[in-house]
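Here the structure is a predicted model, which is why all the values come from computation and not from measurement.
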Amino acid sequence: MSDTADGRNTEIHRQIAAALADLVPSDPGIPPHPYLRRHLAEHAAEGQVLDDEHVPPSLLAWESSSEVRRLLAAGGAGSERREWLRAWAALEPFARGVDPVSRLSSLRLARYTSAPTTRSSAEPVPPPSISATPVAPLWSDCASPAPAWTASPKEVTSLATVKNADGTAIAVAAGDNAGTLRILRLDGRLDHVPLSVHSGAVSHLVALDGGLVISAGTDGCVAAVNAANGRLVRKVVVCRQRTWVGSLTLYRPQGGLPLLLAAFSDRTIEAFDPGRFLSHPVPLPRLQDRSAVLCGIEMPDGSCRLLFTERDTVNCWDGRTAAVHSRHEGRVRAVLALPQPGRYAVADESGRVSLCDLADVRGAGAVGVHAAPATALQLTSYEQRPALVSAAGDGTLRLWRLPSLTPIDGVLPAHTAPVTAMTCVSGDVHDRVLSGGADRIVRSWTVDRRTFGQPPKAWNHVTASALSPSPPYLLAAARASRVIVKDLTANRQRTLLKGHKITALAWPHVRGRLLLAAALNDNTIICVDPETNEQADRTMTGHHLPVHALVTLPSAEGELLASGSADGQLCIWQPSTGERVARFPHHQFTVRCLATYQGAGANLLASGGSDGNVRVWDADRLRQHGRTIKCDQDIINDLAFIAPDEGGLLVAAAGRDGTLKLWDTETARPVRQLTCSDGELGAVTAVRLPLERTALAAAGKTSIHLWDAASGRHLLQIVTGSPVCSLKTVQDPRDVATSILLASGEAGTMALRLHHNRL
């Protein structure tokens, strides 16, 4: 097609996009016409006007065409008027299936977080359609979320690029720790219904030309899947009971056809034909390591060798004998054959990435270093030349030139959890590396200097946060050996406790003054004046391990302070004197969370922790109230009290198993279970609504979820795109129609105003 025809088509799409944009309802509660939802963004992209004017924010809550993030990436630099589109692209993989009101609320928060004004009180002015959402951001220091290629319900454990018969990439296979295999299109969308392949994690994937994917699992089985139609070809190719598959590789024995080798934890290797799935009795070494890594490697003379590991060594098998070739500083986690025959790369737990040559008897050659254990290796190309990408347990990626192993300056902070899998998709100009992490996200990275050539970025997670219970609202967040106190009313902030690592925070009133209580990593608790940064009164000592939770308790002598520690103790303190009023060593493991309740003559304190139990205490009589609640939710991460209209008292427990359960404090029996399918729940808090209603806000891996506590009805989902580990809420006495919600997590801290009448 000629340039003139291309220009004419572009202009036509531009005119269509402009005309359709005028048809988008300004009220986001009114669903746009299906054609607008499915095609407007694509018309704007084809017309090179993919911006906020042609794709209004009120449409994004309903947009259902090809993903906005893919269209933005395909459209190049283009228009800069894309603030709302870029914010939506960061949330889109996590917001599928979310109702439009929740999407709009999440979009408003994402736009506020990504705007340069977020460290002041000036929110980016939202369109009228967005400003009517239940959530109004007040303040945030959260890092802008990196757009995800796709989000997985479970931890991603393996990735492989699916190719057709001519070697062209057509899809990506992704396995998770629940044994599910997903075949994804190259834009991250599901191509077929997910397949339940293994009863354990999918530990390894090998993609063969023609769309065939071989899958190995921790259930000791190997299976074959046709990625073209999303069906199992062979449920069990080979299986060894009571073992797991530690490695899977292609290997061509001398004078034979290519075989697939599977290394099992019983130290045996099984060989089979990937075409007919028949076992082949070829000479293979006997393994000594239950977690051995295998790698087939071609030699300069066309023959093939098999590399296998024994903890920190790499051995070479020539078909008859095995010999140690290279030794490394830590246990070997990955071995990868390089394009040059006879050469291979090794990643080990010391963080080193090494290049080795079988022709060199000295073993390891060039070495690069990660700051954390190296977990995965992947071949790619950089500037049209072979390159190597390595991943680490701190969630970072590094790019190296080959064959020199020269690093491309910069460490890419790809994930907030260890990188567990990588694969590469070749492109006409630049390759893309897909990385999967324990954070349940797969991200796509363009292999160029803009992506990998940036200087290292340091991001320190929030270790503790607290919000003062009454105006003026003071938000305290601890990270990087200091505490930042932000006055949400006056828009000013102070830095306190420089040089101290903080594990928990609270705001007690001591002798009429509002002080900040801080638990230090030396197991002590101190109080400081937020105005002068001076330590007040005495240090509270008595815990043997760091404190994980602090709350205030009312008493006749003023507010007390309760602390829960990793030593299993719950202590109550008089902060004005530093005296320990009570000590309860009843929890077997770490006390992770505390909650308080005052009402109807009761002053109660609840504690929960790593032993999976919840205990309720009478804070006035200093004794346990009722029976121990033995939760079946794994570790208890957070608690909140609820007082139903019909009487009684409930405690909501957020569990590591992803459930939120309501327990009767008198009978210790479950009343209701709420599940959001968002992974481990890190925090929960109660929000008082009009008409004596109560809402529960719980934080999962990607969102904050709100339910009506009485009916269990889901009210709202605020997509954050990253885990939240702390939720606090306070009621503004000057505005009973709203509450302030503080959320802290891996990306930072944010304060939101919840409008009750819009829920």
Practice task
Begin from the C-alpha positions of L759 and L689 and carry the test side chain to side chain contact (heavy atoms under 4.5 Å, CB included) through to its verdict.
Solution key: CA-CA 9 Å; L759 287 174; L689 300 179; 3.8 Å; yes
Practice task
Run the numbers on V684 and L660 for side chain to side chain contact (heavy atoms under 4.5 Å, CB included), then give the verdict.
Solution key: CA-CA 8 Å; V684 64; L660 182 67; 3.7 Å; yes
Practice task
May I have the step-by-step check of side chain to side chain contact (heavy atoms under 4.5 Å, CB included) for L605 and L570, ending in yes or no?
Solution key: CA-CA 10 Å; L605 172 69; L570 167 63; 3.9 Å; yes
Practice task
Starting from the C-alpha separation in whole Å, work towards a yes-or-no answer on salt bridge (charged side-chain N to carboxylate O under 4.0 Å, His left out) for K630 and D611.
Solution key: CA-CA 9 Å; K630 298 185 180 298; D611 59 3; over 6 Å; no
Exercise for the section: Could you check S563 against H543 for side-chain hydrogen bond (donor to acceptor under 3.5 Å, both in side chains), going step by step and ending with a plain yes or no? Expected result: CA-CA 9 Å; S563 61; H543 283 295; 2.7 Å; yes
Problem - Trace of the side chain to side chain contact (heavy atoms under 4.5 Å, CB included) decision for L662 with L696 - result: CA-CA 10 Å; L662 277 59; L696 283 171; 3.7 Å; yes
Practice task
Take H705 and D678 through the test side-chain hydrogen bond (donor to acceptor under 3.5 Å, both in side chains) and record every step on the way to the result.
Solution key: CA-CA 9 Å; H705 306 262; D678 193 18; 3.0 Å; yes
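We find the CG-CD1 distance between L752 and I718 to be 5.5 Å, quoted to the nearest 0.5 Å. The distance from atom CD of Q717 to atom CG of D99, rounded to the nearest 0.5 Å, is 8.0 Å. Here the straight-line distance linking atom OG of S711 with atom CZ of R693 works out to 8.0 Å at 0.5 Å rounding. With rounding to the nearest 0.5 angstrom, the OG atom of S105 is 11.0 Å from the CD1 atom of I704. Note that the CD1 atom of I441 and the OG1 atom of T416 stand 6.0 Å from one another [nearest 0.5 Å]. Here K486 contributes atom NZ and S465 contributes atom OG; the two are 15.5 Å apart, rounded to the nearest 0.5 Å.
At a cut-off of 3.5 Å, with distance as the only test, a side-chain donor of H625 or E666 sits close to an acceptor on the other residue. In this model, a donor atom of one side chain and an acceptor atom of the other lie less than 3.5 Å apart for R615 and T628. Side-chain atoms of H587 and S607 include a donor-acceptor pair closer than 3.5 Å. A donor-acceptor pair shorter than 3.5 Å can be found between the side chains of K728 and S726. No side-chain donor-acceptor contact under 3.5 Å links R482 and T495.
In plain terms, the two heavy atoms of T396 and V419 that are nearest each other are O-CG2, 4.1 Å. Heavy-atom minimum distance, A653 versus V614: CB-CG2, 4.5 Å. Shortest non-hydrogen contact noted between S565 and L545 is OG-O, 2.8 Å.
Put simply, the side chain of V135 reaches to within 4.5 Å of the side chain of L754, judged on heavy atoms. I525 is listed as a side-chain neighbour of L561, based on a closest heavy-atom distance under 4.5 Å. Within the 4.5 Å cutoff, side-chain heavy atoms of M540 are placed close to those of P575. Between V485 and L516 there is a side-chain heavy-atom pair separated by less than 4.5 Å. Residues L505 and L550 form no side-chain contact, since every pair of their non-hydrogen atoms from C-beta on lies 4.5 Å or further apart.
Between the T675 side chain and the S677 main chain, no donor and acceptor come within less than 3.5 Å of each other. Listed for the R440 side chain is a donor-acceptor partner under 3.5 Å among the backbone atoms of P153. With hydrogens and angles ignored, the 3.5 Å screen pairs no side-chain donor or acceptor of S739 with any backbone N or O of V687. In this structure, the side chain of T596 does not engage the main chain of L553 through any donor-acceptor pair within 3.5 Å. No side-chain donor-acceptor contact under 3.5 Å links N603 to the backbone of A619. Formation of a donor-acceptor pair under 3.5 Å by the R494 side chain with backbone atoms of I484 is not found in this model. Between the side chain of R103 and the main chain of V98, a donor-acceptor pair closer than 3.5 Å is present. The backbone N or O of P418 sits nowhere less than 3.5 Å from a side-chain atom of D394 that would complete a donor-acceptor pair. At least one donor-acceptor pair under 3.5 Å links the side chain of S468 to the backbone N or O of L474. Formation of a donor-acceptor pair under 3.5 Å by the D664 side chain with backbone atoms of L650 is not found in this model.
Among residues two or more places apart in sequence or in another chain, the side chain to side chain contact (heavy atoms under 4.5 Å, CB included) test is passed with R688 by E692, T694, Q731. W617 pairs by the ring-ring contact (aromatic ring centres under 6.0 Å, His included) definition with F584, H586, not counting sequence neighbours.
A salt bridge does not link K701 with D439: every distance from a Lys NZ or Arg NE/NH1/NH2 to an Asp or Glu carboxylate oxygen is 4.0 Å or more. Between K661 and D632 a salt bridge is recorded (basic side-chain N to carboxylate O distance below 4.0 Å).
Within the structure, the ring-ring contact (aromatic ring centres under 6.0 Å, His included) test picks out no pair touching residues 726-759 (sequence neighbours left out). Here side chain to side chain donor-acceptor pair (under 3.5 Å) pairs that include residues 633-643, with residues two or more places apart or in two chains, are R592-N637, Q633-T659, Q633-W663, N637-E680. Within the structure, the ring-ring contact (aromatic ring centres under 6.0 Å, His included) test picks out no pair touching residues 472-510 (sequence neighbours left out). Applying the ring-ring contact (aromatic ring centres under 6.0 Å, His included) test to residues at least two apart or on different chains, none of the pairs has a partner in residues 511-532.
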